[in-house]
Participant: 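First the structure, then my questions, so here it is.
Residue numbers start from 1 in every chain, and the chains themselves are labelled A, B, ... in the order their sequence lines are given, proteins ahead of strands.
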Number of protein chains: 2
Amino acid sequence: MNECSVAPRMGRQPLTTRAALSHVALRLFLERGFDQTTVDDIATAAGIGRRTLFRYFPSKNDLPWGDFDAELARMRAFLAATDTTVSLVDALARAVVEFNRFPSEEVPFHRERMNLLLNVPALVAHSTLRYAEWRFVVSDFAAGRLGVAVDAIEPTVIGWVFLGASLAAYEQWLRTDGSNLIELLESALLLLKEGFTSGELPTVEPGGRA
Amino acid sequence: MNECSVAPRMGRQPLTTRAALSHVALRLFLERGFDQTTVDDIATAAGIGRRTLFRYFPSKNDLPWGDFDAELARMRAFLAATDTTVSLVDALARAVVEFNRFPSEEVPFHRERMNLLLNVPALVAHSTLRYAEWRFVVSDFAAGRLGVAVDAIEPTVIGWVFLGASLAAYEQWLRTDGSNLIELLESALLLLKEGFTSGELPTVEPGGRA
DNA sequence: CAGACTAGTGGCACTCAGTGCCGAAAGTAT
DNA sequence: ATACTTTCGGCACTGAGTGCCACTAGTCTG
């Protein structure tokens with residue numbers, strides 16, 4: 001029977017968690033820089049073997065992301081639960097905002113993490129693979145709403161456009177101390193709604209200063 | 001005096017060119033796959049030393065790109081030469097189309113190259129760094145037209161959005177044999193002009209089937 | 001022509017990320 | 001105790017990328 005609450009599954013218990021390793025790595029990256037930190041350093045700091053670390057994360061580049069898959073699943077669920085009376089663009093905009101809402105105590109941590117992800121070249125490059133998964137969630141939802149294939153041009157463009165707006169907001173957020181990520185996201189997403197029809201873009205006040 | 005046309009500059013002549021190496025590498029990548037091709041293989045095939053190859057290209061990932069910097073300079077020049085009566089969005093749309101126009105004999109080659117760049121994970125990731133340079137050209141132009149800083153939110157979003165539309169067109173192009181890249185780009189860029197105002201996207205026929 | 005100068009070449013040794021293999025360790029189930 | 005299951009981590013290996021340095025192939029000057 002499986003009635004033990006302390007060690008519910010068979011075999012040896014894991015020594016640590018993805019979250020703990022991500023945290024240790026992030027600390028070292030901030031202290032000495034990403035390139036100056038070796039995987040050995042991280043493993044040693046976490047008190048595990050180097051080989052073991054590679055079982056928790058497939059690459060050094062994945063360490064700052066923590067458990068991104070779980071976050072993505074959250075966004076997918078949020079979209080799935082959105083009422084169909086809400087327009088496609090609004091539904092996506094709300095989901096994006098929701099996806100990027102964090103408890104206030106985690107905000108400084110998240111800021112440092114994004115600072116790395118958007119500035120260290122190796123991480124910038126690797127991030128693309130994560131963004132692709134994110135875009136797929138967006139495109140998939142859009143395709144369902146529009147009644148077209150997920151690889152049709154409209155859902156694809158929508159995926160890219162929402163990603164671009166989000167990252168633009170993030171870049172803005174990291175650039176200015178004390179700015180509010182959620183407000184910046186709403187500004188950027190509003191730009192999409194206002195559209196590019198006129199050729200002259202509407203001037204939107206950055207949320208942080210509105 | 002410097003009047004010799006064969007060897008105009010001092011010192012030893014280069015054994016090869018970036019373009020030649022890019023071509024050799026691309027052939028090998030197509031034959032056996034990107035991951036199955038080592039830098040040694042490429043250097044040997046090109047008849048140079050491995051160490052020398054790394055002087056022509058900073059990384060294996062850069063080989064498929066050839067001389068991207070020159071292409072970027074062309075786009076920048078095209079934008080700079082665009083009449084100011086043309087709206088911002090139209091100017092960018094024309095520049096993007098121009099940037100992606102190739103002589104018909106190079107099209108199959110370019111297609112294979114983009115096939116690699118958009119499908120091999122390592123290349124997908126690395127491409128981000130090249131795209132960032134591309135986006136900067138777009139954002140920079142937009143910032144000038146809008147009279148705002150290049151790191152303001154509007155030019156940033158515009159950079160992302162045009163990149164997204166371009167890549168969506170490319171993905172579409174690679175997916176369907178015999179499709180026309182230029183037409184697909186125009187379709188995707190039209191989506192941007194039509195905008196997201198209504199919440200319901202206009203249905204645009206893919207250029208390849210129009 | 002000799003010697004100085006300059007720029008490309010490539011071998012060697014090194015660091016570091018990532019992987020396959022496999023036995024040891026630490027648990028649970030019977 | 002024994003069997004089974006899962007994690008751990010050492011070891012050896014591949015392959016990308018780098019610093020160093022001697023060598024090569026040119027030009028330029030006297």
Side-chain angles (χ1 to χ4, degrees), chain A residues 1-22 24-25 28-29 32-65 116 120-127 129, chain B residues 1-22 24-25 28-29 32-65 116 120-127 129:
Chain A
M1 281 302 167
N2 182 359
E3 48 184 331
C4 181
S5 62
V6 183
R9 78 189 158 302
M10 285 186 62
R12 181 174 178 173
Q13 308 310 315
L15 284 183
T16 181
T17 62
R18 289 173 63 85
L21 288 178
S22 177
V24 167
L28 290 178
F29 292 159
R32 17 180 149 161
F34 181 81
D35 292 325
Q36 283 67 47
T37 308
T38 70
V39 175
D40 271 301
D41 293 338
I42 302 164
T44 304
I48 62 170
R50 169 192 146 82
R51 191 65 186 80
T52 301
L53 193 149
F54 277 112
R55 279 209 193 80
Y56 282 85
F57 290 91
S59 82
K60 181 184 175 185
N61 292 329
D62 285 300
L63 279 159
W65 286 92
L116 282 172
V120 175
L123 294 177
V124 171
H126 184 75
S127 300
L129 305 175
Chain B
M1 279 304 166
N2 179 1
E3 48 185 331
C4 181
S5 61
V6 182
R9 76 189 159 302
M10 285 187 61
R12 181 175 178 172
Q13 308 311 316
L15 284 183
T16 182
T17 62
R18 288 173 65 85
L21 289 178
S22 177
V24 167
L28 291 178
F29 292 159
R32 19 180 148 163
F34 181 81
D35 292 325
Q36 282 68 46
T37 307
T38 70
V39 175
D40 271 301
D41 292 337
I42 302 165
T44 304
I48 61 171
R50 171 192 144 84
R51 191 65 185 79
T52 301
L53 194 149
F54 277 113
R55 279 208 193 81
Y56 282 85
F57 289 91
S59 81
K60 181 184 174 186
N61 292 329
D62 285 298
L63 279 160
W65 286 92
L116 282 171
V120 175
L123 294 177
V124 171
H126 184 75
S127 300
L129 305 175

Participant: Ignoring hydrogens, what is the shortest heavy-atom contact between A/Pro121 and B/Leu129? Give both atom names and the distance.
Facilitator: O-CD2, 3.8 Å
Participant: Quickly work out the B/Phe54 CZ to C/dC14 P distance and round it to whole Å.
Facilitator: 19 Å
Participant: Yes or no on side-chain contact (heavy atoms from CB on, under 4.5 Å) for A/Leu63 and A/Val39, after CA distance, side-chain angles and deciding distance?
Facilitator: CA-CA 10 Å; A/Leu63 279 159; A/Val39 175; 5.9 Å; no
Participant: Closest heavy-atom contact between B/Phe34 and B/Lys60?
Facilitator: O-NZ, 3.0 Å
Participant: What does the list of N/O pairs under 3.5 Å between the protein and nucleotides 2-7 of chain D look like, with a distance for each?
Facilitator:
unit_1	atom_1	unit_2	atom_2	d
D/dT6	O2	A/Arg12	N	3.2
D/dT7	O2	A/Arg12	NH1	3.4

Participant: Going from CG on A/Leu21 to OG1 on A/Thr16, what distance comes out if it is rounded to the nearest 0.5 angstrom?
Facilitator: 4.0 Å
Participant: Rounded to whole angstrom units, what separation is found between the CG atom of B/Asp62 and the P atom of D/dA16?
Facilitator: 14 Å
Participant: Using atom CZ of A/Phe29 as one end and atom C1' of C/dA17 as the other, report the distance to the nearest whole Å.
Facilitator: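 Rounded to whole Å, this separation is 12 Å.
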Participant: Given atom CG of B/Leu21 and atom P of C/dG10, what is their separation to the nearest angstrom?
Facilitator: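 Taking atom P of C/dG10 as the reference, CG of B/Leu21 is at 11 Å.
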Participant: Quick one: B/Asn61 CG to D/dG17 P, roughly how many Å, whole number?
Facilitator: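 One finds 6 Å between P of D/dG17 and CG of B/Asn61, rounded.
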Participant: According to the side chain to side chain donor-acceptor pair (under 3.5 Å) rule, which pairs have a member within residues 37-59 of chain B, sequence neighbours left out?
Facilitator: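 Of all non-adjacent pairs touching residues 37-59 of chain B, those that pass side chain to side chain donor-acceptor pair (under 3.5 Å) are B/Arg32-B/Asp41, B/Thr38-B/Asp41, B/Ser59-B/Asp62.
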Participant: So, using side chain to side chain contact (heavy atoms under 4.5 Å, CB included) as the criterion, who are the partners of A/Ala19 when residues are at least two apart?
Facilitator: A/Thr17
Participant: Specify the residues of residues 41-50 of chain A, ordered by number, for which at least one heavy atom lies under 4.0 angstrom from an atom of DNA chain D.
Facilitator: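 Output list: A/Ile48, A/Gly49.
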Participant: Whole angstroms only, please: what is the CZ-C1' distance between B/Phe34 and D/dA16?
Facilitator: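 These atoms are roughly 10 Å apart.
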Participant: Could you tell me whether the side chain of B/Arg51 has a donor or acceptor atom within less than 3.5 Å of a complementary atom in the base of C/dG8?
Facilitator: no
Participant: Compare every heavy atom of B/Leu116 with every heavy atom of B/Leu123, then report the nearest pair and how far apart it is.
Facilitator: CD1-O, 3.9 Å
Participant: Roughly, in whole Å, what's the span from CG in B/Leu53 to C1' in D/dT18?
Facilitator: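 My rounded result for the distance is 14 Å.
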Participant: Looking only at heavy atoms, which two atoms of A/Ala46 and A/Val24 are closest? And how far apart?
Facilitator: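 For A/Ala46 versus A/Val24, the nearest heavy atoms are N-CG1, 4.2 Å.
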Participant: In whole angstroms, how far is the P atom of D/dT14 from the CD atom of B/Gln36?
Facilitator: 16 Å
